[in-house]
Number of protein chains: 2
Amino acid sequence: METYQDHPPLGKPETPSAGSAGGVGERQRERIIRAATGVFSRKGYDGARVDEIARKAGLPKGNVLYYFKTKKDLYRVVIEQVLGLWLDALGDIAVDGNPEAAIRQYVSRKLSLSRHYPEASRLFAMEVISGAPVISGHLSGQLRNWVEDKGGVFKKWQEEGQMAKIDPAHAFFMIWAVTQTYADFEAQIQAVTAVEDYDTEIYGGATTEVVEVLVRGLGLKSEASEILSPHDGATRI
Amino acid sequence: METYQDHPPLGKPETPSAGSAGGVGERQRERIIRAATGVFSRKGYDGARVDEIARKAGLPKGNVLYYFKTKKDLYRVVIEQVLGLWLDALGDIAVDGNPEAAIRQYVSRKLSLSRHYPEASRLFAMEVISGAPVISGHLSGQLRNWVEDKGGVFKKWQEEGQMAKIDPAHAFFMIWAVTQTYADFEAQIQAVTAVEDYDTEIYGGATTEVVEVLVRGLGLKSEASEILSPHDGATRI
DNA sequence: AGTAAAGTTGACCATTCGGTCAATTCAGAG
DNA sequence: CTCTGAATTGACCGAATGGTCAACTTTACT
């Protein structure tokens, strides 16, 4: 397949399971979506095989195509769900509270998201690397507005001298990059660190390290506090 | 296709063009590799189509399979070339010179790499997100050694109080994440910033911003220098 | 129990895929 | 020019792919 952008809006989940919401096969839909998230996140849209998704969901291909008329439809549902998760997690960055606490919380939340939904993160990354053919509209819509909005908060902090004068957009790009790398590049980090329990050992260390570096890097610690913080023993190379 | 790891070592480019190195069809090989880099970087291995690579290279599919016996072979050559670029760019981090200058240079170099070889960066990212099926050996080999080696330098700096006590491995993960995000997530950054000339406008701002944030975040500026640096007007959201 | 809708399944189809191959052209050495 | 190996090409093949369908089973409601 070459492009995958056809029918325009996508009104709803656009599938059978007509009336009853708490229907029987609603569980099936979720199983399929879960399986599809896994496969799409590793292979991308073009590389994924419907049959592989079906096998992973434990049912025949025909059944998958019963719930989602086409592979494209399934992909749309999956990626929009992931995008929703991503946009939700953006949440609010408190305008009032002190900047350091706000960023600290935001970074922690994003890191936690990578930890608990690594496949979602990878799927999102795949989509964007592929040129964001499906979600580009959302990116230049909702996300752009969000960045513009929260960027204003950053600007305010900067004028108050509570934050280094960094282009807010770049600040977000860096935060996103650093927090998502632990999900997206798991294979690389695993290979380099050779830890046994990635989830515990890597995220354990990352949470402290990443938050500290970003808080310091964004100039959110007015006090020239102890540069030498007391945490180590996290990763071992 | 499911997995793509078969014949063991891969001795050489393992293709025709037998003896003469400066051969005639050596240009063809490079055209194919360039085209393949583009397609693989957007679709991944499974999603890429040999025929699309051929079309993009301006020659029939049969000719591509003449130079590279299989799609898998072609992918191997392409990804190993990209990996070589990546590992080369790792370069040395000067042990002697002052840490700030060293990191400043390293980050700039990595950023420049993303700027000038965005497809290579995306292909590398795709491979890793997919679980690094082809290059995992290199990652846990060369790259791991490199990190261990250079991590020692970081440790030394830290003991001398010239760098914040951050797990060296995590420091690298953050540097890589931030520098590569401008290539890998170009579609997202483009959508959010809506700049006209991505290369100039984004990388122009990023170079300064990223370097400053990382240098500060890694605690490389002993002097509590001006938190409010004088650069802006880079991006506009 | 009876019935209609929802859900399940495997066989099946048209298309596309990676890869092969024989026929042909091209380039260079003698 | 002749000859030889490299290079080019399109036709072709078997396997895999996304999607369809008719037959069948289960569920829910009266």
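Per chain, numbering begins at 1; letters A, B, ... match sequence-line order.
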Report each atom pair, protein N/O against N/O of nucleotides 21-23 of chain C, whose distance is under 3.5 angstrom.
none

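Dashed line: the shortest gap from a side-chain N or O of A:Arg49 to OP1 or OP2 of D:dG18 is under 4.0 Å. For the OP1/OP2 pair of D:dT8 and a distance below 4.0 Å, the side-chain nitrogens and oxygens of B:Tyr66 include no atom meeting the criterion. Of the side-chain N and O atoms in B:Gln28, none sit less than 4.0 angstrom from OP1 or OP2 of D:dA6.
Atom CG in A:Asp73 sits roughly 10 Å away from atom P in D:dT20 (whole-Å rounding). What separates CG of A:Leu59 from C1' of D:dT25 is a distance of 16 Å, to the nearest Å. Computed from coordinates, the A:Leu65 CG to D:dT17 P distance equals 14 Å when rounded to whole Å. The distance from atom CD1 of A:Ile32 to atom C1' of C:dT9 is 14 Å, rounded to the nearest whole Å. For the pair B:Lys43 NZ and C:dG18 P, the computed distance is 11 Å after rounding to whole Å. Atom CZ in B:Arg55 sits about 12 Å away from atom C1' in C:dT16, given to the nearest Å. Straight-line distance from the CG atom of A:Asp51 to the P atom of C:dC17: 18 Å, rounded to whole Å. In this structure, CZ of B:Phe68 is placed 15 Å from P of C:dG18, rounded to the nearest angstrom.
Counting non-hydrogen atoms under 4.0 angstrom, B:Ala54 reaches nothing in the nucleic acid.
Looking at B:Lys71, its side chain has no donor and acceptor atom pair within 3.5 Å of the base of C:dG19. For B:Lys61 and C:dG18, a side-chain-to-base donor-acceptor distance below 3.5 Å is present, hydrogens and geometry of angles not being considered.
Counting heavy atoms from C-beta outward, A:Gln180 and A:Trp86 have side chains that approach closer than 4.5 Å. At least one side-chain heavy atom of B:Leu123 sits under 4.5 Å from a side-chain heavy atom of B:Ile79. The side-chain heavy atoms of B:Ile93 and B:Phe172, taken from C-beta on, include a pair separated by under 4.5 Å.
Going from atom CD1 of B:Ile32 over to atom CG of B:Asn63 covers 6.0 Å, rounded to the nearest 0.5 Å. Separation of atoms CD (B:Glu80) and CG (B:Leu85) is listed at 13.5 Å; rounding is to 0.5 Å. With rounding to the nearest 0.5 angstrom, the CD atom of B:Glu127 is 13.0 Å from the OG atom of B:Ser41.
Aromatic ring centroids of A:Tyr75 and A:Phe40 lie under 6.0 Å apart.
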